[in-house]
Student: 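Have a look at the structure that comes next, please.
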Amino acid sequence: MQINQFLDQFKRSLGVMKKDIRIYYLKGPVVIFGFLMPLFLFLAFFIGSRDLPMDFLISGLISMTVFFTATAVSPVIAPWEAQVQTLERLISAPISITTLIFGDMLASFIFGIIIPILPIALGLAVGVNILQPIILILGIFLAAACFSSFGLILSSPPSNAPSNVMMISSLVRFPLVFLSGIFIPIEKMPYWGKIIASFSPLTYFTDLTRYSINGANYYPIQVDLIVIIFFTILFFFLAAQLHKRTIYKRI
Amino acid sequence: MKHVIQVQNLTKRYGKLTAVDHINFEVEKGEIFGFLGPNGAGKTTTLRMLTGIIQADEGAANILGFNIQKEALKAKQNIGVVPETSNAYVDLSAWQNMMLMSELYGIPRKVAEDRAESLLDRLSLYHRRDDKVKGFSKGMKQRLILCMALVNDPILVFLDEPTSGLDVASRQLIREILQEFPEQGKTIFLTTHNMNEANRLCDRVAIINQGKIAAIDRPEKLKNTVKKLKSIEVSFDRSVNTQSLSEISHIKELKKEGDKFIAYTDNVNGLIHSLTNFAGLNGLKIVTLNTRDPSLEEVFVELTGEA
């Protein structure tokens, strides 16, 4: 009975996912925030620091693209829907808050795994080889789920102004990029930097990406995978609990 | 199941304000139940608690036999909700909105398509099914919201001011459809400001004021409870000085409406005699003389103090 209910709610979350994709994702901002912004950061570092090898920078670009794409829209869906009063429509339907959140996560996840094709293609075009494609694909899938859940945590404060949530979201996301070994390899970080980096899921995905492209890794690959899975479960659980508390305050 | 809605001590507070204060009522299957009240009285808050959109601070509401707070998904499966503000997705087409709702209710695709086609056709939207909602008029949006609320073929439909601010055609179409519901075994819980609408549609009405139920009964019975509001409508063949007319015996209050006067009294018979005497003494001919029962609007004003 519970499995049937679970499957039933899962099917309904696909409806939420389709709605999100149609309304929020098939628009310019996802490509702009998800790929173009990381690309500009990549170019800035490429031009400013010519001693960083291309395979290092491309692996960082892939990590950033997954991170920014998966967190591009998910933080603003709830405040936006509350503002235009469509959230009331969703809450009045027979779907749980977890189902609603899961549908939002799925939409982010789909784009989190599609948009990285662009930096991968760019890497291949400039002659970067992918040594471990299976690990890379697995890593992108897990990281997209992890970062999508992270984006939903950012949307949980009961503010109905998307601009406020975007500001909070940017304040959290940008520092993470610089603390997760994307532009400064973890091994070159000071001790305190390594400690901080170890709390960021992006660190482990960047490590996985780097391993997939040039075979170099700081943490054992199993650790990278387990930690990303752990963060995914933790973030989704936290997002669901926080939204259950705050969603009614949005109405 | 005799009662599709059972409300016990339902309460909602926002800080120090008690928006809904320990209200109790029941709604029978097949009824059109009107929930009336002035702005800020607690109508929408009550409807939102009954539909699981917000949570009550105290009390309980059973919807179709399920506690809306504890078994919300089961209760919501067989209800339809038309919120006060149009909240279809404006970036989706009418058809996509219908399909989204059917997916949220777990309705098989084929059944959903058949229902969507029939509902959009019934509410004169089928020809615009592939157009984005952002191009719809308010009336069209509201008709679409009603279609979306009916896609799961609900047993109980909640409507929050469904005809407010609509054009005449949309208002009439929505009213026609609502009047068909009881024949289909559906129950309606309707909040409205429109007393005429409530009077014409509702089997019973509750009047809520400052979060408390001020009265609950059949519209005609409610009118009879306010006996002192009996009135007589009178008009004469020429202009009459309002001051002199208001001084005749048995008049409690006098209002001028166009070329007519509405005289409120607690003694209809005495007032009729006074009016005929007044006409005779002043050489007037009475053109119309009608006794009026209090309107639902007058009952509402009496109970809520709203002018």
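The sequence lines fix the lettering, A, B, ..., with proteins before strands; numbering per chain opens at 1. As a basis for the values below, the full set of heavy atoms in this structure was taken, side chains included, without hydrogen atoms, waters or symmetry mates.
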Student: Checking heavy atoms, do the side chain of B:I53, its backbone, both or neither come under 4.5 Å from chain A?
Tutor: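 Both parts, heavy atoms under 4.5 Å.
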Student: Taking side chain as C-beta onward, heavy atoms only, is B:L190 less than 4.5 Å from B:V205?
Tutor: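 Not touching, per the 4.5 Å side-chain cut-off.
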Student: What residue, out of A:G103, A:G15, A:S92, has the most heavy-atom pairs lying under 4.5 Å from chain B?
Tutor: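 Highest number of heavy-atom pairs under 4.5 Å: A:S92.
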Student: Flag the one option from B:I79, B:V90, B:N152, B:L104 with the top tally of heavy-atom pairs under 4.5 Å to chain A.
Tutor: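 Most heavy-atom pairs within the cutoff with chain A belong to B:L104.
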Student: At a 4.5 Å cut-off on heavy atoms, which part of B:M101 comes close to chain A: side chain, backbone, both, or neither?
Tutor: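 For B:M101, the contact with chain A is made by the side chain alone.
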Student: Quiz question: by atom type and distance under 3.5 Å, do the side chains of A:T71 and A:R173 form a donor-acceptor pair?
Tutor: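 A donor-acceptor contact under 3.5 Å links the two side chains.
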Student: Does any backbone or side-chain atom of B:L100 lie under 4.5 Å from a heavy atom of chain A? Answer side chain, backbone, both or neither.
Tutor: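 Side chain only.
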Student: Do A:S212 and A:T209 meet the criterion of a side-chain donor-acceptor pair at a distance under 3.5 Å?
Tutor: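 No donor-acceptor contact under 3.5 Å links the two side chains.
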Student: We want to know whether B:S170 and B:Q142 form a side-chain donor-acceptor pair, criterion being a heavy-atom distance below 3.5 angstrom.
Tutor: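 No, B:Q142 and B:S170 have no side-chain donor paired with an acceptor closer than 3.5 Å.
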Student: Between B:A75, B:G106, B:G52, B:A149, which has the largest tally of heavy atom pairs under 4.5 Å with chain A?
Tutor: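 Answer, by heavy-atom pair count under 4.5 Å with chain A: B:G106.
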Student: Centre-to-centre under 6.0 Å for A:F147 and A:F68, is that the case here?
Tutor: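 Ring centres of A:F68 and A:F147 not closer than 6.0 Å.
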